[in-house]
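Data block below; observations after.
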Amino acid sequence: MTTAASEAIARLTGPAEVVADLSWPGTTAIVRLLRHPGGQHFVLKANSSQDCFTRELNALRCWTPALGTAAPQLVDVDEDARVLLMTALPGVRLDLASLTPGQEQDAYQQTGRLLRRLHEAGPPQVLTDFGRQRAAYLRAQLTGPTRPLAAAELDFALTALDQLEALPAQQAQPSHLDLTARNLLAHTDDRAQLRIAVIDFETSRYEAAGRDFLRITQRTLRTRPDLAAAFYSGYGRQPTEDERHLMRWCGIGDAAAIAISAAAAGHEDFSREGHAALRAAMATA
């Protein structure tokens, strides 16, 4: 952590005790759970990435207020040092929670409702060149060493990027873009009701409608139709045909890029996830 970040933390938090390190290995952020002498808990996040910091700050200022207690709220910020102080939320990560099938369905229905509220937290915009720009970004990651992809898998991914380039202008909305069980918290309130909250908005931005369904589909919904039904029931509708096309082409490109980049970085678990998603897409082609 830089000296500037350490000084900012001292200014923002005062005499706070570090309760837990919530940082995710291999990322640009340092995340700490703090307890103030009065008993209040806060989350402090210092990010070495200007882009990640800016995106999260914008979300906290503009979009998470629409989610209320189901998302972090901004308490203080030092923009020069890229340090955020946020409200702390109760619960454990959804992927680590021990739930019955009925509770899981409740959790994903709540997640759908929260995502709809996020998508409606700002006015819609239009991305005139989304497909071409996204395809160019992904294509750059599919050059050079392509372990662990086979030639047929790489060709399949490149064909999907051709389809992505051909997409027309897209309507865009506030989007989380890393909506997975890792970024959802589950807890039981004082009335014994399950509650879900969304965290980690450093990838959030205005993005083409439909793309925010992609990560949770690849990680969970494609193998759990019961949870997919609950999620879209909470959201209020199923993806449109156009959104499904966008999800497919983006999903194939994302999966291939993740398989390659994660393998190169030594994150074999993430690489396997991407590779599995790519093979699943090929199986339904």
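These numbers were taken from a predicted model, which means no experiment stands behind them.
- For the residue pair Trp249 and Ala160, the shortest heavy atom distance occurs at CB-O, 3.8 Å.
- Put simply, the residue from His41, Arg32, Arg35 that forms a side chain to side chain donor-acceptor pair (under 3.5 Å) with Glu17 is Arg35.
- Asp212 and Leu115 make their closest contact through OD2-CD1, 3.2 Å (heavy atoms, listed as atom of the first residue, atom of the second, distance).
- Taking the side chain as every heavy atom from C-beta outward, Thr188 and Arg195 never approach each other to under 4.5 Å.
- For the pair Ser49 (side chain) and Thr28 (backbone), a donor-acceptor distance under 3.5 Å is absent.
- Taking all atoms of both residues into account, the shortest heavy-atom contact from Ala71 to Thr87 is O-OG1, 4.3 Å.
- With values rounded to the nearest 0.5 angstrom, Leu118 atom CG is found 8.5 Å from Leu179 atom CG.
- Here the CG atom belonging to Asp242 is positioned 8.5 Å from the CG atom belonging to Leu167, to the nearest 0.5 angstrom.
- Between Asp78 and Ala81, the shortest heavy-atom contact is OD1-N, 3.0 Å.
- Under the 4.0 Å criterion applied to side-chain N and carboxylate O atoms, Arg132 and Glu165 are not assigned as salt-bridge partners.
- Counting heavy atoms from C-beta on, the side chains of Leu177 and Arg215 never come closer than 4.5 Å.
- Taking the side chain as every heavy atom from C-beta outward, Gln105 and Phe231 never approach each other to under 4.5 Å.
- With Ser233 contributing its side chain and Ala229 its backbone, the two residues share no donor-acceptor pair below 3.5 Å.
- Distance alone, capped at 3.5 Å, is enough to place a donor-acceptor pair between the Arg248 side chain and the Ala281 backbone.
- Within the model, atoms SG of Cys250 and CD of Glu243 stand 11.5 Å from one another, a figure rounded to the nearest 0.5 Å.
- Residues Leu127 and Gln171 are not in side-chain contact: their nearest non-hydrogen atoms beyond the backbone lie 4.5 Å or more apart.
- Residues Gly68 and Gln73 come closest through the heavy atom pair O-NE2, 2.8 Å.
- To the nearest 0.5 angstrom, Leu221 atom CG is 7.0 Å from Tyr108 atom OH.
- Between the side chain of Ser261 and the main chain of Ala257, a donor-acceptor pair closer than 3.5 Å is present.
- Atom CD of Glu241 sits in a sparse spot, with 12 or fewer heavy atoms from other residues, nucleotides or ligands closer than 6.0 Å.
- In this structure a side-chain-to-backbone donor-acceptor pair under 3.5 Å is present from Gln103 to Thr100.
- Taking all atoms of both residues into account, the shortest heavy-atom contact from Gly274 to Ala259 is C-CB, 4.1 Å.
- A 4.5 Å side-chain heavy-atom check between Pro239 and Met247 finds at least one atom pair inside the cut-off.
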request  = Given side-chain contact (heavy atoms from CB on, under 4.5 Å), test Tyr235 with Gln109 step by step and report yes or no.
outcome  = CA-CA 7 Å; Tyr235 191 81; Gln109 186 173 55; over 6 Å; no
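- Salt-bridge formation is not detected for the pair Glu120/Arg113: no Lys NZ or Arg NE/NH1/NH2 atom is positioned less than 4.0 Å from an Asp or Glu carboxylate oxygen.
- Residues Val19, Leu22, Leu33, Val43, Phe53, Leu57, Leu60, Leu74, Val77, Leu84, Met86 make up the rest of the hydrophobic cluster containing Val31, defined by ILVMFWY side-chain heavy atoms closer than 4.5 Å, directly or through other members.
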request  = Evaluate salt bridge (Lys or Arg N to Asp or Glu O under 4.0 Å) for Glu79 paired with Arg61, printing each intermediate quantity in order.
outcome  = CA-CA 13 Å; Glu79 295 190 52; Arg61 281 175 168 168; 3.0 Å; yes
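- In this structure, the side chains of Arg134 and Asp254 come closer than 4.5 Å at one or more pairs of heavy atoms.
- Between the side chains of Arg244 and Gln238, a donor-acceptor pair is found at a separation under 3.5 Å.
- Note on Ile216: it clusters hydrophobically with Leu94, by side-chain heavy-atom contacts below 4.5 Å among ILVMFWY residues.
- Looking at residues two or more places apart in sequence or on another chain, you find a side chain to side chain donor-acceptor pair (under 3.5 Å) between Arg219 and Glu273.
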Chi angles and distances behind the side-chain contact (heavy atoms from CB on, under 4.5 Å) call for Val126, Thr128 = CA-CA 6 Å; Val126 175; Thr128 58; 4.2 Å; yes
Pair up each side-chain donor or acceptor in residues 143-150 with any protein partner under 3.5 Å, not counting sequence neighbours, and list the distances.
| unit_1 | atom_1 | unit_2 | atom_2 | d |
| --- | --- | --- | --- | --- |
| Thr143 | OG1 | Ala140 | O | 3.0 |
| Arg147 | NH2 | Ala263 | O | 3.2 |
| Arg147 | NH2 | Glu268 | OE2 | 3.1 |

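- Atom CD1 in Ile260 sits 8.0 Å away from atom CD in Gln141 (nearest 0.5 Å).
- Between the Asp76 side chain and the Leu85 main chain, no donor and acceptor come within less than 3.5 Å of each other.
- Shown here are the side chain to side chain donor-acceptor pair (under 3.5 Å) partners of Gln173, two or more places apart in sequence or in another chain: His119.
- Note: the hydrophobic cluster containing Phe201 also contains Tyr206 (ILVMFWY, side chain heavy atoms under 4.5 Å, direct or indirect links).
- Linking ILVMFWY residues whenever their side-chain heavy atoms come closer than 4.5 Å, directly or via other members, places Leu246 and Leu158 in the same cluster.
- By the rule that hydrophobic residues join a cluster once side-chain heavy atoms approach within less than 4.5 Å of another member, Val92 and Leu89 end up as members of separate clusters.
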query = Taking it one step at a time, do Thr54 and Gln50 satisfy side chain to side chain donor-acceptor pair (under 3.5 Å)?
reply = CA-CA 6 Å; Thr54 300; Gln50 181 66 55; 2.9 Å; yes
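- By the ring pair (Phe, Tyr, Trp, His ring centres under 6.0 Å) test, His36 pairs with Phe42, sequence neighbours left out.
- Within the 4.5 Å cutoff, the side chain of Asp162 has no heavy atoms near those of the Leu164 side chain.
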inquiry  = Walk me through whether Ser23 and Asp21 qualify under side chain to side chain donor-acceptor pair (under 3.5 Å).
reply    = CA-CA 6 Å; Ser23 307; Asp21 183 351; 2.7 Å; yes
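- Put simply, the side chain of Leu184 does not reach to within 4.5 Å of the side chain of Asp95, judged on heavy atoms.
- In this structure, Arg93 contributes its side chain and Leu185 its backbone to no donor-acceptor pair below 3.5 Å.
- Here the options are Arg82, Arg55, Lys45, the test is salt bridge (charged side-chain N to carboxylate O under 4.0 Å, His left out), and the partner is Glu202; only Lys45 passes.
- Atom CD of residue Gln193 and atom NE2 of residue His187 lie 10.5 Å apart, to the nearest 0.5 angstrom.
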message = Evaluate His245 against Gln163 for side chain to side chain donor-acceptor pair (under 3.5 Å), listing each step before the verdict.
response = CA-CA 9 Å; His245 283 307; Gln163 297 291 331; over 6 Å; no
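- In terms of modelled atom types and a separation under 3.5 Å, the side chain of Thr180 and the main chain of Arg182 share a donor-acceptor contact.
- Of the possible polar contacts, one joining the Arg222 side chain to the Gln218 backbone as a donor-acceptor pair under 3.5 Å is found.
- Residues Ile199 and Ile196 do not share a hydrophobic cluster, clusters being chains of Ile/Leu/Val/Met/Phe/Trp/Tyr side chains in contact below 4.5 Å.
- Of the possible polar contacts, none joining the Ser204 side chain to the His176 backbone as a donor-acceptor pair under 3.5 Å is found.
- By the side chain to side chain donor-acceptor pair (under 3.5 Å) test, Asp51 pairs with no residue at all, sequence neighbours left out.
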